[in-house]
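Reading through the structure tokens given below for one structure.
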Amino acid sequence: MNPMDRKELQAKILDLKRARNALILVHNYQVMPVQEVGDFIGDSLELARKATEISKPLIVFCGVRFMAETAKILNPEAKVLIPRPDAGCPMADMITRDDVIELKARYPDAVVCSYVNTNADVKAETDVCCTSANAVEIVRNLDAKRVIFTPDRNLASFVSKQVNTEIIPYDGYCYVHTRFRPEDIELSREAHPDAIVLVHPECDPEVADQADEILSTSGMLRYARSSPAGEFIIATEEGLIERMRKEMPEKRFFSAGIAHFCFNMKKIRLEDVYRSLVEEIYEIKIDPEIMDNARNSLQRMISLTA
Ligand code: 13P
Ligand code: SF4
């Protein structure tokens with residue numbers, strides 16, 4: 001799409017958004033033209049919180065399905081649209097509701113903490129949700145002896161190193177973050193010796209061990225904004241790095257090794273956002289009982305987060 005077409009389409013989206021009294025929520029990994037039409041861009045925790053504050057009747061959620069579902073669960077009065085119904089999260093699909101039921105039967109004294117990167121029916125079987133931004137805080141605040149932590153084994157490992165709780169991890173992972181290798185960090189440090197290394201907790205422990213800071217996507221953004229450093233090596237999806245370069249042109253951001261992309265996040269294009277608003281598609285629909293149970297685990301997360 002040439003820049004003129006892009007600007008025209010963005011203007012149409014913004015007009016239509018006003019006419020429909022809609023709000024566009026965007027995750028940090030979305031392509032830049034979509035980030036540019038967002039009313040709010042953030043990480044999973046910020047977007048979940050934002051969803052609870054919105055009084056608009058229509059939300060267009062530009063992110064993967066579990067994020068749009070979370071917005072719907074926390075704001076059931078709103079109509080929530082996802083511009084591409086096939087934008088799923090492979091990690092979320094690695095665990096089913098039956099898997100959680102089985103784990104609860106095996107460890108009846110354990111509390112179930114699920115990453116928000118799960119489908120609604122898994123959240124409905126979960127005691128409390130967490131995100132990459134608050135996982136340690138949630139597990140600490142639970143004050144439990146044992147926690148079943150699903151589905152990300154790497155986030156589970158990151159948490160277990162910082163709490164006195166026994167963590168029983170599920171074996172899920174993110175195919176995007178597990179592509180970063182320890183040697184990517186070593187080579188990037190050699191090339192940029194003054195840079196600070198920021199790693200997402202979905203990366204493998206051998207990569208996380210080499211980080212200066214392990215942070216959620218928006219945590220990385222805030223860290224870079226407030227740091228006096230001028231160079232950063234980033235181990236997360238490329239969309240966040242694009243946002244950092246745009247918002248902090250005076251600083252330099254390098255992917256740790258080659259850039260990695262989440263193909264589901266990248267499915268949503270401006271054309272899809274426009275079509276979503278014109279036709280009011282694709283609406284997130286969740287069984288009411290699942291929605292009520294899933295809301296309990298999400299609200300518990302919000303109440304346990306500072
Ligand atoms: P954040 O909540 O840190 O943005 O992470 C979401 C995600 O899906 C990372 O892969
Ligand atoms: Fe899921 Fe990984 Fe994509 Fe995040 S980056 S949405 S965890 S596949």
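First listed ligand is number 1; within each ligand, the first listed atom is number 1. What's counted below: heavy atoms across the whole structure, side chains too, no hydrogens, waters or symmetry copies. Starting from 1, each residue takes its place in the sequence as its number.
- D109 and R146 are joined by a salt bridge, as a carboxylate oxygen and a charged side-chain nitrogen come within less than 4.0 angstrom of each other.
- No side-chain heavy atom of N21 sits less than 4.5 Å from a side-chain heavy atom of L58.
- In the vicinity of V64, heavy-atom distances shorter than 4.0 Å reach the ligand 2 atoms 6 (S).
- Atom 2 (Fe) of ligand 2 has C174 SG as its protein N, O or S neighbours under 2.8 Å.
- If you look at N117 next to ligand 1, the close heavy atoms, those under 4.0 Å, all belong to the side chain.
- Here S44 has heavy atoms under 4.0 Å from ligand 1 in both its backbone and its side chain.
- The aromatic rings of H200 and H177 sit tilted, their planes meeting at an angle between 30° and 60°.
- By the side chain to side chain donor-acceptor pair (under 3.5 Å) test, E280 pairs with R20, K79, sequence neighbours left out.
- No more than 12 heavy atoms of other residues, nucleotides or ligands shown are found within 6.0 angstrom of NZ on K285.
- Less than 4.0 angstrom separates some heavy atom of S216 from each of these atoms of ligand 1: 3 (O).
- Closest heavy-atom approach to atom 5 (O) of ligand 1 among the candidates M91, H177, H200: H200.
- For the pair K266 and F261, the NZ or CZ position fails the cation-pi test of under 6.0 Å to the six-membered ring centre and within 45 degrees of the ring normal.
- Within the 4.0 Å heavy-atom criterion, neither part of T131 lies near ligand 1.
- Counting heavy atoms from C-beta outward, T217 and H27 have side chains that approach closer than 4.5 Å.
- Remark: ligand 1 atoms within the under-4.0 Å shell around heavy atoms of H27 are 1 (P), 4 (O), 6 (C).
- For the pair R181 and E186, the salt-bridge criterion is not met [side-chain N within less than 4.0 Å of a carboxylate O].
- Of all the atoms in ligand 2, the ones that sit under 4.0 Å from a non-hydrogen atom of Y29 are 5 (S).
- The salt bridge (charged side-chain N to carboxylate O under 4.0 Å, His left out) with E36 is formed by just one residue from the set K7, R243, K246; it is K246.
- Against a heavy-atom cut-off of under 4.0 Å, E202 is close to the following atoms of ligand 1: 7 (C), 8 (O), 9 (C), 10 (O).
- Protein heavy atom in closest approach to atom 4 (O) of ligand 1: T217 OG1, 2.5 Å.
- Atom CD of E279 sits in a crowded spot, with more than 12 heavy atoms from other residues, nucleotides or ligands closer than 6.0 Å.
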